[in-house]
Amino acid sequence: MSAGVRAHAYRNVIVTAATAGLAGLLFGYDTGVIAGALLQIEPDFGINGFKSGMVVSAVPIGAVLGAWFASTNSDKYGRRTLIVVSGIVFIVGALISALSPTDMLWVLISSRVLIGVAIGVASAVAPVYISEVAPPDIRGRLVTFFQLAVTVGILVAYLVGLAFADANDGWRWMLGLGALPAILLVVGISRLPSSPRWLLMKGREDDARAALQRVRTEGSEQIELEIQEIETSMNIHEGSWRDLLQPAVKAALVVGIGLAILQQITGINTVIYYAPTIIKETGIDGNSAAILASLGVGIINVIMTVVALRLLDSRGRREMLTIGVTGISVSLFLLGLAFLIGADKTWATVMAIGSLMLFVSSFAISLGPIFWLLNAEIYPLSVRSKAASAGTMTNWFFNFVVSLTFLPLIDLLSQTGAFWFYGAVGLLTLWFCWKFVPETKGRSLEQINDIFETRAKAK
Ligand code: BGC
């Protein structure tokens, strides 16, 4: 293979991963935009409390449904087709929500369920698609494009929220503009190759070979070996739900579902959703300072995800988890302590903001990208889309639970108690990662299967 063809294949695989990663933008944008939009939706629709809660939680609920939909349809129609479908559904949902009449709350809520469905499909399928086209030595970095897009989406949404904060009908713009990244995604993804592993599952060996040639720098001998390795590992069949109970798959599911839950119940979205509220309660004066500080959170989240992108394949998943989750726990205990010391002391405010930043940085180099990465790489091909969807559904469900219970938890335990509770969950997460998460860096998806086969046999 000539150097020119190699460089071309290398560029292709990066473009493929980056384009599919755009699916994360939809997810991030909606996550970041709703808090600001809600401030205007509440007076316009004359709602608050429970009804506002429904406007917000329509998305995670829809996402659970979307991930469920992806579980079988991603095998049936292919990963790429499903990402296109999710983009189109998102565009429709974003436009309807932007045009919702203020006397028809149900239109707004149903369109947000639709947006949720799109996000659920995209988050279940895009990381899997990327992991299936990526060469093993840079798979960590490529799947992390998805998480990077999530963080960029959150940041862009904060900025859009700021820009339209005082505009008439600003919320319509905030929600409607979400259609733009979705259009980009649909146009971009239609030009990419199908997942070679999915093509092999469908018995389309020639198409799989052609797809691999577009994204591999090695010569045809290596590609034939890769095809053989995939075929041997998958027993050429599409697994059923019952196959999730095979011992090796169960061992992998412990890791995937465990991380899905722990990624959420260490409290990341209390900060992402409520950063301005938390910061104001540490004693900072005025809305704009609080908004500025939350912009800081958004920016750090992006920067540290870029750091993760560079380190995941060299340092490995386990080392990054150990460092990051330790940082998560320490910062949560410090945050709780800052609230205990009191809002009127300047250094307590500084400590609170510092620990928020440390918390987000630690999440961004560990649980943030690594959950999505492992969820896409640890399951055998025959059940990959079902198992990855199960992890995604679990993640969205706990996203919903945490955002619903955060404020009541503060009422029950005070801020200090609530953050110490999340800090304790962080310690549990550290133990879990140390005990259950295998190192997957540099291994092919098929070699990762072998780790769990060996684990299951050892039992
Ligand atoms: C999580 C989201 C979170 C985001 C923050 C993602 O990995 O799944 O729930 O809002 O990271 O960057």
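Predicted, not measured: the structure shown is a model, and the values here were computed from it. Both counts, for ligands and for their atoms, begin at 1 and track the order of listing.
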Protein residue, atom and distance nearest to atom 8 (O) of ligand 1, heavy-atom basis:
Gln263 OE1, 3.0 Å

The side-chain contact (heavy atoms from CB on, under 4.5 Å) partners of Ile323 (sequence neighbours excluded) come to Glu319, Ile365

Which residue pairs pass the side-chain hydrogen bond (donor to acceptor under 3.5 Å, both in side chains) test with at least one member in residues 30-45, sequence neighbours excluded?
Asp30-Arg112, Glu42-Ser52, Asp44-Trp171

Proximity of Asn269 to ligand 1 by residue part, where a heavy atom lies under 4.0 Å:
side chain

Return the option from Gln147, Met304, Gln264 holding the heavy atom at the smallest distance from atom 11 (O) of ligand 1.
Gln147

Tell me, yes or no, whether the heavy-atom count around Arg455 atom CZ, taken from other residues, nucleotides or ligands under 6.0 Å, exceeds 12.
yes

I'd like to know if Phe363 contacts ligand 1, where contact means a heavy-atom distance under 4.0 Å to any ligand atom.
yes

Check: of Val302, Asn301, Val402, min heavy-atom distance to atom 12 (O) of ligand 1 comes from Asn301

Heavy-atom neighbours of Asp166 CG exceed 12 at 6.0 Å
no

Do any N or O atoms from the side chain of Arg172 and from the backbone of Ala98 form a donor-acceptor pair under 3.5 angstrom?
yes

For Thr151, the atoms of ligand 1 under 4.0 Å from one of its heavy atoms are 12 (O)

Would you indicate whether Trp241, at its atom CH2, is surrounded by more than 12 heavy atoms from other residues, nucleotides or ligands within a distance under 6.0 Å?
yes

Quick check on contacts: which atoms of ligand 1 are under 4.0 angstrom from a heavy atom of Ile154?
5 (C), 12 (O)

Between Asn269 and Ser403, does the side chain to side chain donor-acceptor pair (under 3.5 Å) criterion hold? Intermediate values first, please.
CA-CA 7 Å; Asn269 286 313; Ser403 48; over 6 Å; no

Examine the proximity of ligand 1 to Asn395 and report which part, side chain or backbone, both or neither, has a heavy atom under 4.0 Å away.
side chain

Distance filter under 4.0 Å to Asn399 heavy atoms, resulting ligand 1 atoms:
9 (O)

More than 12 heavy atoms of other residues, nucleotides or ligands under 6.0 Å from OH of Tyr77: yes or no?
no

Tell me: protein heavy atom nearest atom 4 (C) of ligand 1, and distance?
Val150 CG1, 4.0 Å

Tell me the contacting part of Trp372 for ligand 1: side chain, backbone, both, or neither, using a 4.0 Å heavy-atom threshold, strictly below.
side chain

